Amino acid sequence: METGTAGPLAVSRRTFLGLAAGALLLAGCSGELVAKRASPKAVSAADLLGQDLFYIAHRGSGDNWTEHTLYAYRQALAHGAQAIEISVHRSKDGQFICHHDASLERLCGVPRLISETAWDELQALRNNARQWLGPNAALEPLARLETVLEALADQAVLFIEDKSGQHAAELIEMIAASPVPIESTVWKQPATGTGAELASAAGMKTWGYFAPENFGGIEQLAGGFDALGIHDSADPGTIERAVATGLPVICWEVHRRSQRDWLARQGVRGMMCSNLPYVTSSPQAVPTVADGFTSGLRAVGDLPDAITWKAQPQISAAEGILTLGDSRKASYALGSMALAGAGNWRLKAQIRWPQRGSGNQIAGLAFGLPTDEPYRAFEESQADGFHLQLESHGEVSLWRAGGKTPHKLGRAMWNAPSGGEWAQIELVMADGRILAECGGEALAAELGESVAPGYLNLLNLIPAGYGVDFRKVSLELEASE
């Protein structure tokens, strides 16, 4: 075992255990998210758009429940949604179906257009979002807009879009005849689309959204709407132009609390959230949390660094394992395990490489992150914080990130597990010192001050063609006296 320079020191296992035990006296508590309702609840679209900060469940909060299903819409309401975004396509026999894509392929596995399929066939299909939500996500039926409007009447403001842009008159007529008060509806469309005048004449508020290809038309087109939409790829200058129109600006898609905070600082008032219960909450004030991998569902707040279905790690409920894949450098934020509070704490995890190749495979854990931005070690976009780095060739090291170049706090040699074997990892913050134990070897780094556990990330820094498994991740705070 080797020690680092500039502050770190190697410690024996006995010393490590003694320091950890002396630093932490821990109590257990459930970190389960409790359903809540927002307050105050908007009673009309005008009320909603007049608020300084408001939230809309994008696709019914598709990071949490199968998108654009009645179940998702109802769950969003149960977790405090003031407003819900609904996209529709018209079926072959004239039914409006809640669905984002024109095709049924992504969610139903059927390479066919909704517009070419009758309702009697559609109602037999099921939406499958397991690739995104986890293997135990329920298969949900497609929903007719008529049914959804009856179920959601008087419960939320509804943002409704005719995705094809071809059926505005029929859709507006249906909305006006439904049990939903017309003043609780918002017509949603691309800023360059049509239908807003008809919707406004029917008593609906209107929202025109701008994607990157039409950011240049903000000033020209803004006058035709009651609110503007900006895609989350917009830079500060584009957002500033939208805010300068004086209209409420709504950004989509908002997945993280860090996005929410940054957008609010730019003057954005509406957050169209794919991750509503997480974005509208704060880190939990409980003493202990653990991963939810055994549920077979991605926990609320957990997200891959790239927001695409293909980037979502595999979850094995039976074994309680999450696997970061073999194809790219990746991080996975455990937003569900973010705790409020500082002081002393202990982080535990088990890690293994199911297969070991000849190349050096590097994985690890990031901690002490002040925000839930993805941790991208050794990149310019890297968030501040710390990470423990584990190498299959036998080195373990502690790093502190700040700016573009992380600083190595210490290193040691460890007996890296063979392919398929698990290694126990423990990190302890004890009175300004980080203590790390990996597979029986230990090292420490003096910081001079305690660092809150903050947000956590699982890391696969160099896959070398192979994935890495994590399980039994837990975080415990020292019990307050």
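The figures here come from the full heavy-atom set of this structure, side chains too, leaving out hydrogens, waters and symmetry mates. Remember, predicted model here, so these are calculated numbers, not experimental data.
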Discussion item. Using the side chain to side chain contact (heavy atoms under 4.5 Å, CB included) criterion, which residues pair with Ala234? Sequence neighbours excluded.
Written reply: Phe215, Ile230, Thr238, Ile239

Worksheet item: Do the ring centers of His79 and Tyr55 come within less than 6.0 Å of each other?
Response: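 No; Tyr55 has its ring centre 6.0 Å or more from that of His79.
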
Hey, what do you get for [atom1] ([X]) to [atom2] ([Y]), rounding to the nearest 0.5 Å?
X: Leu456; Y: Leu365; atom1: CG; atom2: CG; value: 8.0 Å
X: Leu48; Y: Phe54; atom1: CG; atom2: CZ; value: 5.0 Å
X: Ile315; Y: Thr294; atom1: CD1; atom2: OG1; value: 10.0 Å
X: Glu446; Y: Leu435; atom1: CD; atom2: CG; value: 8.5 Å
X: Asn344; Y: Arg433; atom1: CG; atom2: CZ; value: 12.0 Å
X: Glu140; Y: Asn128; atom1: CD; atom2: CG; value: 10.5 Å

For [X], is the [atom1] atom crowded, meaning more than 12 foreign heavy atoms sit under 6.0 Å from it?
X: Asn136; atom1: CG; value: yes
X: Gln314; atom1: CD; value: no
X: Glu240; atom1: CD; value: no
X: Arg74; atom1: CZ; value: no
X: Asp235; atom1: CG; value: yes

Heavy-atom distance under 4.5 Å between the side chains of [X] and [Y], does that happen here?
X: Leu53; Y: Arg269; answer: no
X: Phe386; Y: Leu447; answer: yes
X: Trp422; Y: Ile321; answer: yes
X: Pro313; Y: Thr323; answer: no
X: Val468; Y: Leu390; answer: no
X: Asn275; Y: Val254; answer: no
X: Pro141; Y: Arg126; answer: yes
X: Ile250; Y: Tyr209; answer: no

Worksheet item: Between Trp252 and Trp207, how do the two ring planes meet: parallel, tilted or perpendicular, split at 30° and 60°?
Response: perpendicular

Worksheet item: In terms of ring plane angle, is the pair His68 and His100 parallel, tilted or perpendicular, where the classes change at 30° and 60°?
Response: parallel

Practice prompt. Give me the one residue out of Tyr375, Tyr455, Trp345 that meets ring-ring contact (aromatic ring centres under 6.0 Å, His included) with Phe367.
Written response: Trp345

Measure across [X] and [Y] and return the closest heavy-atom pair with its distance rounded to 0.1 Å.
X: Leu347; Y: Ser474; result: CD1-O, 3.2 Å
X: Pro304; Y: Arg256; result: O-NH2, 2.8 Å
X: Val148; Y: Ala143; result: CG2-CB, 3.9 Å
X: Phe470; Y: Leu324; result: CE1-CD1, 3.8 Å
X: Lys329; Y: Arg376; result: NZ-C, 4.5 Å

Fill in: N-O pairing of Arg471 and Glu319 below 4.0 Å
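Result for this pair is no, no salt bridge flagged.
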
Item to complete: Check whether any side-chain N or O of Gln361 sits under 3.5 Å from a backbone N or O of Gln355 as a donor-acceptor pair, and report yes or no.
Response: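 Yes, because the side chain of Gln361 sits within donor-acceptor range (under 3.5 Å) of the backbone of Gln355.
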
Item to complete: May I ask you to check if Arg257 and Tyr278 form a cation-pi contact, with NZ or CZ under 6.0 angstrom from the six-membered ring centre and within 45° of the axis?
Response: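 Yes, a cation-pi geometry holds between Arg257 and Tyr278.
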
